[in-house]
Amino acid sequence: ALCLHIAHDCNLACRYCFEKQSEVSNSNEGIMSAETVEKGLRFFSRLIRLEPERFYEKKTIIFYGGEPFHNKKVLFHAIDTVNQYTAAGKLPASTRMLIVTNGTLLHDDDIEFIRKNNITLTFSLDGDREASVNRVFPDMKTLAWEKATETFQKCKAAGIDLNVACTLTPQTIARQREVLDY
């Protein structure tokens, strides 16, 4: 697997965030460049070709952040580059791509791009609304739950392969059954 930290920045201010990305409010600090993406993909391609007998084993490229959609132009460039590498035989045809997202910055055209490119999305969701009180926008009042859930449902309707990552907090632990049911 290759994990590319596309953006350190995030548009949320989750109370439990260990990285505190939101302290760098909408800046270009911590934004990966297209050149760095290309260097990383070239390096990954070289590494997996070092063992030809394992070349065709499943490989996964993970786009992570902060919030990867905070650097959407480079994220989409990276996806296009992976597709080019796969078509040229520089990466195995079975290479999967996965984006870890909070889901609040995706628009309908982004969802279509993700669907068309067969990318798995892992949504950071903490369960139902009551369990998600720590996932907030920088005003520290507005929950991200509504927007993230709306986007998740759109992605589900579009047939995108979805995963959920849930942070264990006092709220999610206290509502284990509800969170799992949700």
Pairwise side-chain contact, [X] with [Y], heavy-atom cut-off 4.5 Å (strictly under):
{"X": "Leu12", "Y": "Phe137", "value": "yes"}
{"X": "Thr151", "Y": "Thr104", "value": "no"}
{"X": "Val82", "Y": "Leu41", "value": "yes"}
{"X": "Glu130", "Y": "Arg175", "value": "yes"}
{"X": "Cys155", "Y": "Ile114", "value": "no"}
{"X": "His70", "Y": "His8", "value": "no"}
{"X": "Asp110", "Y": "Lys72", "value": "yes"}

Please work out whether the ring planes of Tyr182 and Trp145 are parallel, tilted or perpendicular, with thresholds of 30° and 60°.
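Tyr182 vs Trp145 ring planes: tilted.
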Parallel, tilted or perpendicular, judged at 30° and 60°: which one describes the rings of Phe113 and Phe76?
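Answer is parallel, since the angle falls under 30°.
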Nearest 0.5 Å, what's the [atom1]-[atom2] distance between [X] and [Y]?
{"X": "Phe69", "Y": "Asn11", "atom1": "CZ", "atom2": "CG", "answer": "11.5 Å"}
{"X": "Asp161", "Y": "Leu121", "atom1": "CG", "atom2": "CG", "answer": "8.5 Å"}
{"X": "Thr81", "Y": "Lys90", "atom1": "OG1", "atom2": "NZ", "answer": "10.0 Å"}
{"X": "Ile6", "Y": "Ile79", "atom1": "CD1", "atom2": "CD1", "answer": "8.5 Å"}
{"X": "Thr95", "Y": "Tyr85", "atom1": "OG1", "atom2": "OH", "answer": "12.0 Å"}
{"X": "Asn117", "Y": "Met97", "atom1": "CG", "atom2": "CE", "answer": "5.5 Å"}

Might you point out which heavy atoms bring [X] and [Y] nearest each other, and give the distance in Å?
{"X": "Ala158", "Y": "Ile111", "value": "CB-CG2, 3.9 Å"}
{"X": "Ala7", "Y": "Ile31", "value": "CB-CD1, 4.0 Å"}
{"X": "Leu143", "Y": "Glu146", "value": "O-OE1, 3.4 Å"}

Side-chain heavy atoms nearer than 4.5 Å, only ILVMFWY residues, links allowed to pass through others: does that put [X] and [Y] together?
{"X": "Leu47", "Y": "Val37", "answer": "no"}
{"X": "Leu168", "Y": "Val100", "answer": "no"}
{"X": "Leu98", "Y": "Ile160", "answer": "no"}
{"X": "Leu162", "Y": "Leu125", "answer": "yes"}
{"X": "Ile119", "Y": "Leu91", "answer": "yes"}

Of Ile61, Thr122, Leu75, the residue whose pairing with Ile99 passes side chain to side chain contact (heavy atoms under 4.5 Å, CB included):
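Result: among Ile61, Thr122, Leu75, Leu75 is the only option passing the side chain to side chain contact (heavy atoms under 4.5 Å, CB included) with Ile99.
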Check Thr167, Thr172, Thr169 against Asn134 for a side chain to side chain contact (heavy atoms under 4.5 Å, CB included) and give me the one that passes.
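Between Asn134 and the candidates, side chain to side chain contact (heavy atoms under 4.5 Å, CB included) is satisfied uniquely by Thr169.
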Assess, by modelled atom type and distance only, whether the side chains of Asp126 and Ser132 contain a donor and an acceptor separated by less than 3.5 Å.
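Looking only at side-chain atoms, Ser132 and Asp126 do not form any donor-acceptor pair under 3.5 Å.
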For Asn102 and Glu67, test the side chains for any donor-to-acceptor distance below 3.5 angstrom and give the result as yes or no.
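The answer is yes; a qualifying pair exists.
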For residues 51-58, which side-chain donor-acceptor pairs fall under 3.5 Å, sequence neighbours excluded?
from: Arg54; atom 1: NE; to: Glu57; atom 2: OE1; distance (Å): 3.3

Using a cut-off of 6.0 Å, state whether more than 12 heavy atoms not belonging to Asn163 lie near its atom CG.
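More than 12 within 6.0 Å, yes.
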Could you tell me whether Glu150 and Lys154 have a side-chain N and a carboxylate O separated by less than 4.0 Å?
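Salt bridge: yes.
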